Structure formats: structure tokens, C-alpha cells
Amino acid sequence: ASQFVNGTRSVSGSLLDLTGNTSIDLTNAGFDSNAQLDFDGTNTYIPKFTDSRFQFADTDLTYEVVVNFNSNPDSYQTLIGLADTNDYIPRFNLSKFRSGTGVNGKVGNVYMQLIDQNGSGVTAGDPDLSGADLAAGGYYHYVGVISKPAGSSTYYVYLYRNGELVTTVNSGRTTYDTTQGVQGSIGLAIGTQFGNTASVLDGQLPVTKIYNRALTAGEVKNNYSHY
């Protein structure tokens, strides 16, 4: 379901196997007939699991997903995210706004978020597609990146859709870390933000990846072309 990638990206990827991680709980996970992740928006999700590789300081971070939304409800839908044990702060997530809320001129849109230990942060949202657009059907390739580019003293948040950069936001932060949350250790959840039935995705998520570096624009485009 989820891969953590380290090293040079190729078409097949250089994947670090997490099958030995016994904290991954698939009890409430849903799968379609092709064994792809399928969430019902109610009670299917993968709750937070921990891994020492999710805890780092001042390291670039990338999420990559392919998603098909079934609906545009008045609730948030989380695709993938790192947060502390009880999802207080900090959190770093790739999600979809609820139907009446949004950013960058759209409501119900997909966004990449960086919230630090003080509870403040930035959100980079898709400026082109609303929740209604997304729920009309079709698979989308989204990539969210947190990175400090060469020559910059601060981290930026980038959002790509279908191989193209659609939003860039300067976080204004010179540092961030995931080594310790306010209420507990950092964990990764898929299809839910809180690791339970809150903010559950209603849709299919056949591709879910996390990298401990920033994918380049060329790599994002290359990956999209191979899905």
C-alpha cells in the first residue's frame, strides 16, 4: 500500500520494503477486485503506524498518490499524512477540503499542508479543480512536496497535478521536524487524517508513496507518464 523511497528515482523506483513493519494495521482497509486501496468515506482507512524513518529534522518530504474521488461531501478527505499520535500538531498531509471550504480560489480542492509544532503553517491548494470537478470522475496524479530549494533559507510547499506544478507557497520556515509531536510520536495514516473514522477518503487510492527527499519537476512528470 505505502512505500518509502530513498535514493535515485527510476521508473520502477528504489523502494524500501515496509512489509516487516508490524505496526501497519490493515484491519479496516478496503480493497477492490484488483487489490487496490478502496475507501468508502465511512469506516475504511489505514490508521497511523510508526516507523523510525518517518521521524526526521530538516529533510525534504514528498507524497505521491493517484486518486479517484467518489464524492464531494461536507467533510475533509485525507489521502496521506504524517501527524502526532492524536493528530494534534505538527502535521504534514495531502488532503481534500470539504465541499464548502477551500483555498486558492476553489472549494473542495486538494491541498498539501505543513503545520508546525506551534500550530501555524501554510496550505498549497489546487487552483484549478474544485471538489465538484474531482467528484465528476477520473483518476488524478497528485504530488505534494516540502523542500528547501537551493539558495533559499526557507522551506517551500509545492503541489503538482498530473505532472504539472500548480501551486507554490513559501512557508517562511527555516526549519521543521517530525521527530516529536505535541501529544506523541509521529505516525503515518492513509485514507484518514486522525487514524480513525474522521476525514476518511471516499474513493480509490491505487498509488500511495512517501519519499524522504523532494522529487524534481522532471521526476514528477516522468512518474505521471508511467501511471
Side-chain angles (χ1 to χ4, degrees), residues 1-3 28-46 62-81 91-114 122-146 157-169 188-211 215 217-227:
S2 173
Q3 297 98 24
N28 294 311
F31 298 90
D32 64 17
S33 59
N34 294 314
Q36 305 291 342
L37 285 171
D38 191 357
F39 302 91
D40 64 6
T42 304
N43 55 16
T44 54
Y45 57 91
I46 298 177
T62 300
Y63 293 132
E64 180 179 12
V65 304
V66 173
V67 59
N68 175 49
F69 293 99
N70 292 334
S71 63
N72 181 36
D74 188 26
S75 59
Y76 289 89
Q77 299 188 60
T78 299
L79 309 178
I80 182 172
R91 65 176 180 266
F92 314 93
N93 57 291
L94 182 61
S95 303
K96 176 188 174 300
F97 276 108
R98 62 193 204 180
S99 59
T101 306
V103 69
N104 295 102
K106 293 291 182 180
V107 295
N109 54 342
V110 169
Y111 63 93
M112 179 69 175
Q113 188 173 59
L114 184 162
V122 295
T123 302
D126 187 336
D128 302 316
L129 297 181
S130 68
D133 296 326
L134 295 168
Y139 285 85
Y140 294 90
H141 177 255
Y142 275 102
V143 176
V145 178
I146 298 173
V157 180
Y158 305 88
L159 183 68
Y160 295 82
R161 175 182 22 85
N162 293 348
E164 301 295 332
L165 180 65
V166 294
T167 307
T168 303
V169 178
L188 182 74
I190 300 172
T192 174
Q193 181 170 317
F194 294 91
N196 53 35
T197 55
S199 301
V200 176
L201 171 64
D202 181 17
Q204 293 72 49
L205 204 61
V207 174
T208 312
K209 298 179 181 180
I210 176 173
Y211 305 74
L215 290 188
E219 288 174 316
V220 172
K221 185 180 291 289
N222 179 67
N223 288 2
Y224 169 62
S225 69
H226 286 87
Y227 290 134

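Residue numbers start at 1 and run along the sequence shown. It should be emphasised that the depicted structure is a prediction, and the values quoted were computed from it without experimental measurement.
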Checklist line | Side-chain heavy atoms of T44 within contact of F39, under 4.5 Å | finding: yes
Notebook entry, point to check: Are R161 and D128 close enough for a salt bridge, meaning some N to O gap below 4.0 Å?
Noted result: yes
Note to self: To the closest 0.5 Å, what do you measure between CG (D126) and CE (M112)?
What the structure shows: 14.0 Å
Margin query: Using every non-hydrogen atom in the two residues, find where L159 and L94 come nearest and quote the distance to one decimal.
Written below: CD1-CD1, 3.8 Å
Note to self: Ignoring hydrogens, what is the shortest heavy-atom contact between P206 and V66? Give both atom names and the distance.
What the structure shows: CD-O, 3.1 Å
Notebook entry, point to check: Atom CG in L205, atom CG in L79: separation rounded to 0.5 Å?
Noted result: 6.0 Å
Checklist line | Stepwise side-chain hydrogen bond (donor to acceptor under 3.5 Å, both in side chains) check, S71 with D202 | finding: CA-CA 6 Å; S71 63; D202 181 17; 2.6 Å; yes
Item checked: Partners meeting salt bridge (charged side-chain N to carboxylate O under 4.0 Å, His left out) with D32 (sequence neighbours left out) -> none
Next item on the list: May I have the step-by-step check of side chain to side chain contact (heavy atoms under 4.5 Å, CB included) for Y160 and V166, ending in yes or no?
Entry: CA-CA 5 Å; Y160 295 82; V166 294; 6.0 Å; no
Item checked: CG-CD distance between L134 and Q77, expressed to the nearest 0.5 angstrom -> 9.5 Å
Checklist line | Heavy-atom donor-acceptor pair, N109 side chain to G125 backbone, under 3.5 Å | finding: no
Check: Do D40 side-chain atoms and N43 backbone N/O form a donor-acceptor pair below 3.5 Å?
Finding: yes
Note to self: Which residue in the set I190, I80, V207 passes side-chain contact (heavy atoms from CB on, under 4.5 Å) when paired with V65?
What the structure shows: I80
Next item on the list: Identify, with sequence neighbours excluded, every residue that meets side-chain hydrogen bond (donor to acceptor under 3.5 Å, both in side chains) alongside T168.
Entry: none
Next item on the list: Say whether, by atom type as modelled, one donor and one acceptor occur between the side chain of T101 and the main chain of R98 under 3.5 angstrom.
Entry: no
Item checked: From CA spacing to verdict: side chain to side chain contact (heavy atoms under 4.5 Å, CB included), L188, I210 -> CA-CA 10 Å; L188 182 74; I210 176 173; 4.2 Å; yes
Item checked: Whether F97 and Y76 hold their rings parallel, tilted or perpendicular, with breakpoints at 30° and 60° -> tilted
Next item on the list: Could you tell me which residues satisfy side-chain hydrogen bond (donor to acceptor under 3.5 Å, both in side chains) with S130, sequence neighbours excluded, listed by chain and number?
Entry: D133
Notebook entry, point to check: Would you say the side-chain atoms of N162 pair up with the backbone N or O of H141, donor to acceptor, closer than 3.5 Å?
Noted result: yes
Item checked: Partner residues of K221 under the salt bridge (charged side-chain N to carboxylate O under 4.0 Å, His left out) criterion, sequence neighbours left out -> E164
Margin query: Any non-hydrogen side-chain atom of I46 less than 4.5 Å from a side-chain atom of T192?
Written below: no
Next item on the list: Given side chain to side chain contact (heavy atoms under 4.5 Å, CB included), test N93 with Y111 step by step and report yes or no.
Entry: CA-CA 8 Å; N93 57 291; Y111 63 93; 3.8 Å; yes
Check: Can you find a heavy atom in the side chain of Y63 that is under 4.5 Å from one in the side chain of K209?
Finding: no
Check: Taking only residues two or more places apart in sequence or in another chain, which ones pass ring pair (Phe, Tyr, Trp, His ring centres under 6.0 Å) with Y158?
Finding: none
Next item on the list: Please tell me if the side chains of V110 and F69 come closer than 4.5 Å, counting only heavy atoms from C-beta onward.
Entry: yes
Next item on the list: Please examine the side chains of N223 and E64, heavy atoms only from C-beta on, and report whether any two atoms are closer than 4.5 Å.
Entry: yes
Next item on the list: Taking all heavy atoms of T167 and all of A124, pick out the closest pair and write down the distance.
Entry: CG2-CB, 3.8 Å
Check: To the nearest 0.5 Å, what is the distance between CG (L215) and CG (N222)?
Finding: 10.0 Å
Margin query: Any side-chain to backbone donor/acceptor pair from K96 onto G108? Under 3.5 Å, distance only.
Written below: yes
Margin query: With heavy-atom distances below 4.5 Å as the criterion, would you say the side chains of L37 and Y45 are in contact?
Written below: no
Notebook entry, point to check: With Y140, which residues qualify under ring pair (Phe, Tyr, Trp, His ring centres under 6.0 Å), at least two apart?
Noted result: none
Note to self: Pair F31, D38 - check side chain to side chain contact (heavy atoms under 4.5 Å, CB included), show working.
What the structure shows: CA-CA 5 Å; F31 298 90; D38 191 357; 5.7 Å; no
